[in-house]
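So the structure is just underneath, and the comments pick up after that.
Side-chain atoms are counted along with the backbone in the values below, which use heavy atoms only and exclude waters and symmetry mates. Chain A is the first sequence line, chain B the second, and so forth, proteins listed ahead of strands; every chain is numbered from 1.
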Amino acid sequence: MMNNSFGKVRVRFAPSPTGGLHLGGVRTVLYNYLFARKHSGDFILRIEDTDQTRFVEGAEQYIYDCLEWCGMIPDESPAKPGAFGPYRQSERKEMYREYAEQLIKDGHAYYAFDTTQQLEQMRLDFKTEENSSPQYDSRIRKKMKNSLTLLSSEVEKLIEEKTPYVIRIKIPENEIITFHDMIHHEVSFDSNVVDDKVLLKADGMPTYHLAVVVDDYLMKITHAFRGEEWLSSAPVHILLWKYLFGLNKMPQWAHLPLILGPNGKLSKRDGAKFGFPVYAMNWTDPRNNEFTEGFKEKGFLPEAFINLLAMLGWNSGKEQELFSMEEFINDFSIERVHKSGAKFDYEKAKWFNHEWIKNSSADYLFPLVNDLFKNKDITINDEVFLKKIIDLVKERCALIPDFYEQAVYFFQAPEKLDLDTIKPKWNEAKTNFFETFSKKMDEISWTTADIENAFKNLAAEMNIKPGELQLPMRIMLVGGKFGPAVFEIAHLIEKEETILRIKNALTLLNS
RNA sequence: GCCGCGUUGGUCAAGAGGUUAAGACGCCUCCCUUUCACGGAGGAAUCACGGGUUCGAGUCCCGUACGUGGUACCA
């Protein structure tokens, strides 16, 4: 897909490094990434750190880590500069001013000297019932302290005296600003309800509005995808493009629908409240040590995370729900992204992960499960054995940590036995059976089939239904009512361990 | 308040004027399995509301309601 005067497709993800990367953010990256790959374009990471008061230590590195975990490495970024650097807006500070000055020269912007207090006063003074929050607009600006109301000599004087000022865009009156959005199609705004946004702040830094337009131009961005929360400020950006570079050079816009929580917009509070992660990876805010859980650490596979995110707001039109990144790249189209926000459903998210775990090989899962056990102080020496166990239990695991409960009894005797389920029906005959069975084990060649045969033959001999013995056997070995075939388990934990666990259980049952 | 955007089962969604309104998650029943899961077969459950347009509307138009975003020298 070609765009305007540029050849190659270039898209960007432009987060501000303020900490955490939530579901919606990752999905924005994803759609950018898929689009870039689909059209053999470039995927750029630009750090939008123009608000120096919100800088958070480690936040940029965290973004790289998340992108790497998800398998979406940018082609150009602060860490891997291309030909359009620098890639941090704070390092581009000097580039923005000339564009702001140009706008003033052309009559599309002006200096404003109002202090914060004066702005607050204005909002108070002009507040009415019909207008609960007055904006700095075409009507109000005539009453404020700016280069539109001041004499040019006064303006020069103020600037000479180093009076702090900002540069504001001068929104035209009575214009309908219309633009095409790849998802929403035609969107239009009345310029009379758009305010004169600050373009250049008193500290010389641009606001998002100026920076995004200038950088998208300078970086030759062809398609700009961002969250729908930006739709309301789109008219400012459109105007800026028109005044600065020409609408024909403007990237195509796509405003992505929001991802919602169980009641309304998704917040990190929802995570704590409903017990699901909202960030890609664990994040601890260095300012207050506030911890927010991540999908990675919760036990999600990155493939599953990507998969579930992609399906939240986009659909291929086919029945297929499980997609690899390659398949997504192949099938993705921005036109099929939905207009409306999607509510995040943790149950469905787990289903995706479960499917991915089931479909993953033991080789792939091994490092994750191995780490899990290591963190629980269980060292596994036999890699081949663990992989066998992984294949045996993976269909029972929705999240990686589930492997612990589902497999720990292969490595150590269960700490607690669910005796309550067998005690009511326990009797001497059963004790007798298990004692006899333990003694007979030496005669059994220790294969799953032989154990089962011996077990069933003895049950028949002693006139007990095998079914009444199998559950007790399971609880003795596993601790609870779960896990794969019980004779398979006996086979895998070996004869001595089997005898030992039966013996211990018998002691408990008869005490 | 004002402005923008949106609205198909509880959730994700297919659907682009004529369908018995797909499919998935979750829930329920049954089968498989004398465990749990996997797998298989069924089931309950939806076009926000009201007006138009049309022979015919989930699909087009208008209004209302509801949701959501913006309304910062934050992004």
Side-chain angles (χ1 to χ4, degrees), chain A residues 14-18 48-51 53-54 89 112 114-116 119-120 123 127-137 164-168 181 183-184 187-190 192-195 197-209 211-212 226-235 255 257-258 260 262-265 308 311-322 338-352 354-355 358 393-398 402 406 418 421 465-475 478 480-486 489:
Chain A
S16 34
T18 51
E48 308 222 328
D49 55 349
T50 53
D51 184 358
T53 63
R54 296 211 306 163
Q89 288 182 332
D114 317 282
T115 62
T116 311
L119 289 172
E120 276 168 18
R123 288 186 189 111
K127 186 169 176 173
T128 61
E129 267 185 34
E130 315 79 73
N131 188 1
S132 66
S133 53
Q135 306 189 105
Y136 205 117
D137 59 17
Y165 66 85
V166 301
I167 294 177
R168 286 180 182 271
D181 182 279
I183 294 165
H184 296 277
V187 181
S188 56
F189 296 84
D190 181 345
N192 294 328
V193 299
V194 180
D195 65 327
K197 288 265 182 271
V198 170
L199 263 20
L200 202 75
K201 301 186 260 190
D203 65 0
M205 276 288 191
T207 57
Y208 172 83
H209 306 105
V212 71
R226 69 209 324 189
E228 205 186 274
E229 68 268 27
W230 289 111
L231 198 50
S232 301
S233 38
H255 288 88
L258 271 5
L260 308 172
N263 33 25
K265 59 185 167 188
L308 72 93
M311 302 307 282
L312 219 47
W314 173 85
N315 188 285
S316 67
K318 301 190 291 192
E319 283 196 7
Q320 180 181 358
E321 286 198 275
L322 265 17
H338 306 139
K339 286 186 172 82
S340 51
K343 206 172 275 187
F344 173 68
D345 179 7
Y346 190 47
E347 292 306 317
K348 182 103 191 203
K350 282 192 289 192
W351 174 80
F352 274 109
H354 194 180
E355 291 297 312
K358 281 191 303 187
V393 304
K394 68 184 182 187
E395 68 188 25
R396 287 153 232 268
C397 300
D402 294 343
Q406 291 295 332
D418 177 15
T421 62
K465 282 185 196 153
E468 297 202 3
L469 298 164
Q470 232 165 282
L471 189 59
M473 172 86 160
R474 165 176 303 280
I475 287 171
V478 173
K481 290 191 284 185
F482 58 93
V486 68
I489 294 169

What integer distance in Å separates [X]:[atom1] from [N]:[atom2]?
X      : N     : atom1 : atom2 : value
A:H255 : B:G69 : NE2   : C1'   : 11 Å
A:E228 : B:G67 : CD    : P     : 16 Å
A:E347 : B:C28 : CD    : C1'   : 16 Å
A:F352 : B:U11 : CZ    : C1'   : 12 Å
A:K358 : B:A24 : NZ    : P     : 13 Å
A:H209 : B:C73 : NE2   : P     : 10 Å
A:F482 : B:U34 : CZ    : P     : 19 Å
A:D181 : B:G69 : CG    : P     : 18 Å

Just say parallel, tilted or perpendicular for the rings of A:H209 and A:W230, cut-offs at 30° and 60°.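 Ring orientation, 0 to 90° scale: perpendicular.
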Heavy-atom nearest nucleotide on RNA chain B for A:T207 versus A:V187: which residue maps closer to 5'?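 Final value for this comparison: A:V187.
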Would you mind telling me which residue lines up with the more 5' stretch of RNA chain B, A:H338 or A:S188, judged by nearest nucleotide?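 Whichever sits nearer the 5' end wins; that is A:S188.
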[X] has a side chain; which of [options] sits nearest to it?
X      : options             : result
A:K265 : B:G69, B:A37, B:C5  : B:G69
A:A342 : B:A13, B:G1, B:A37  : B:A13
A:A202 : B:G23, B:C73, B:U71 : B:C73
A:V193 : B:G10, B:C2, B:U35  : B:C2
A:R123 : B:G6, B:C74, B:A72  : B:A72
A:P466 : B:U34, B:G69, B:U35 : B:U34
A:H184 : B:C3, B:C5, B:U35   : B:C5
A:W351 : B:G23, B:C5, B:G26  : B:G26
A:N131 : B:U35, B:G39, B:G1  : B:G1
A:K348 : B:C38, B:C25, B:A75 : B:C25

Polar contact flag, side-chain donor to acceptor under 3.5 angstrom, A:D114-A:Y136: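 A:D114 vs A:Y136: donor-acceptor pair found between side chains.
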Per the atom types in the model, does the base of [N] pair as donor or acceptor with the side chain of [X] at under 3.5 Å?
X      : N     : result
A:S232 : B:G69 : yes
A:S340 : B:G6  : no
A:K197 : B:A72 : no

A:R474 and A:V486: which non-hydrogen atoms are nearest, and at how many Å?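 Heavy atoms only, the tightest pair is NH2-N, 3.5 Å.
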Give the minimum heavy-atom separation between A:P257 and A:S340, together with the two atoms involved.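 That would be CB-O, 3.3 Å.
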Who pairs with B:G50 - Watson-Crick or G-U, where each distance is under 3.5 Å: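 Base-paired to B:C62.
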Quick one, A:R396 and A:K358 - any side-chain contact, counting heavy atoms below 4.5 Å?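 A:R396 vs A:K358: side chains apart.
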